[in-house]
Amino acid sequence: MNAAIEIDTLTKNFGAVRALDGLNLRVERGEVHGFLGPNGAGKSTTIKMLTGILVPTAGTVRTCGLDPLRQRRELARRIGVVFGQRSQLWWDLPLHESFSILAAIHHVESGARTSELVEQLDMADYLDTPVRQLSLGQRMRAEIAAALLHSPQLLILDEPTIGLDVLSKQRLREFLRHERDR
């Protein structure tokens, strides 16, 4: 069985700036890893290469056993991604409509899985609220639910707790542990 993530001497240059320099990383399925480092250390750049958004300057990347560039559509079926600074939800639509659209995009029934995530992430009270009116904590829970609607093999989170209070961060971590173990 393939590792969830395999990175070999990954390098990314943006002009004269080297954002990533020879990164090696292997993450087995079921493992949890965190990237720590200052702004500009290459964390988000690495995630963008793992998902096929950016092309590496050198090195290789395999995500869920796939080449993120050549097999991007298949990879999208296998991963869920949350970028803390970028939404996958539709700002003007009520939250439940964003979930319905995302379920249709992933060709999954939105019923049971959506209900499960809504209950676990305590989102029932604001399903009819347009996404733009949600608090940051509510929106981040909704983003994580959206990334999990299709039950991906791998969940990649880029700053999922940005702006959350200490209690919200703890609840989110507990939820993610539960999701991993299910």
Side-chain angles (χ1 to χ4, degrees), residues 1-14 19-37 41-89 98-118 120-121 139-162 172-182:
M1 184 186 285
N2 296 319
I5 295 171
E6 297 173 278
I7 296 175
D8 184 35
T9 60
L10 190 62
T11 300
K12 180 63 180 172
N13 298 333
F14 293 101
L20 207 56
D21 189 14
L23 176 65
N24 292 299
L25 176 67
R26 183 176 176 95
V27 178
E28 299 296 335
R29 294 175 190 267
E31 290 182 345
V32 176
H33 285 257
F35 262 166
L36 300 175
K43 301 177 300 291
S44 294
T45 297
T46 302
I47 290 171
K48 288 176 183 175
M49 288 187 285
L50 284 169
T51 58
I53 295 170
L54 284 178
V55 178
T57 303
T60 59
V61 177
R62 302 288 289 178
T63 308
C64 296
L66 302 173
D67 179 324
L69 296 172
R70 286 186 275 233
Q71 298 171 293
R72 192 166 177 192
R73 284 183 185 237
E74 177 61 26
L75 182 60
R77 291 182 188 99
R78 296 187 190 187
I79 65 172
V81 183
V82 174
F83 289 102
Q85 302 293 335
R86 190 167 289 164
S87 183
Q88 61 189 315
L89 305 170
S98 281
F99 288 160
S100 295
I101 292 168
L102 289 166
I105 288 169
H106 287 290
H107 305 288
V108 297
E109 292 291 327
S110 64
R113 181 64 172 152
T114 301
S115 296
E116 176 186 19
L117 291 166
V118 165
Q120 290 176 347
L121 290 166
R139 187 176 65 79
M140 290 313 300
R141 284 184 284 178
E143 293 285 351
I144 289 170
L148 291 169
L149 277 177
H150 63 293
S151 301
Q153 295 173 12
L154 175 66
L155 179 63
I156 300 173
L157 306 172
D158 188 9
E159 300 189 57
T161 61
I162 192 166
L172 181 57
R173 286 185 191 107
E174 288 171 4
F175 166 76
L176 292 171
R177 272 192 291 278
H178 175 266
E179 268 301 296
R180 181 197 62 204
D181 295 340
R182 72 180 201 104

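Heavy atoms only: backbone and side chains are in, while hydrogens, waters and symmetry mates are out.
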Grab the two heavy atoms, one from [X] and one from [Y], that are nearest each other, plus how far apart they are.
| X | Y | value |
| --- | --- | --- |
| Val61 | Pro68 | O-CD, 3.4 Å |
| Ala142 | Phe99 | O-CE2, 3.6 Å |
| Phe35 | Lys43 | O-CD, 3.6 Å |
| Gly52 | Leu69 | O-CD2, 3.8 Å |
| Met140 | Pro160 | CE-O, 3.2 Å |
| Asp67 | Arg62 | N-NH1, 3.4 Å |

Would you check if [X] and [Y] make a side-chain contact, meaning some heavy-atom pair closer than 4.5 Å?
| X | Y | value |
| --- | --- | --- |
| Met49 | Leu10 | yes |
| Thr57 | Leu20 | no |
| Arg29 | Asn2 | yes |
| Val81 | Asp158 | no |
| Asp8 | Arg26 | no |
| Gln71 | Thr63 | no |
| Phe14 | Thr45 | yes |
| Leu176 | Leu157 | yes |

| request: Under the side-chain contact (heavy atoms from CB on, under 4.5 Å) rule, what do Thr114 and Glu109 come out as? Steps first, then yes or no, please. | output: CA-CA 9 Å; Thr114 301; Glu109 292 291 327; over 6 Å; no
How long is the span from the [atom1] atom in [X] to the [atom2] atom in [Y], to the nearest 0.5 Å?
| X | Y | atom1 | atom2 | value |
| --- | --- | --- | --- | --- |
| Leu75 | Thr51 | CG | OG1 | 7.5 Å |
| Cys64 | Ile156 | SG | CD1 | 7.5 Å |
| Leu149 | Ile101 | CG | CD1 | 11.5 Å |
| Leu155 | Leu148 | CG | CG | 5.0 Å |
| Leu50 | Leu25 | CG | CG | 8.0 Å |
| Glu179 | Leu172 | CD | CG | 11.0 Å |

| task | Check whether more than 12 heavy atoms from other residues, nucleotides or ligands sit under 6.0 Å from atom NE2 of His33, and answer yes or no. | result | yes
Looking at [X] and [Y], would you say the former's side chain and the latter's main chain have a donor-acceptor pair under 3.5 Å?
| X | Y | result |
| --- | --- | --- |
| Thr9 | Gly59 | no |
| Lys12 | Val55 | yes |
| His150 | Arg78 | no |
| Glu143 | Phe83 | no |

| task | Check the pair Arg141 / Leu117 against side-chain contact (heavy atoms from CB on, under 4.5 Å), numbers first and verdict last. | result | CA-CA 9 Å; Arg141 284 184 284 178; Leu117 291 166; over 6 Å; no
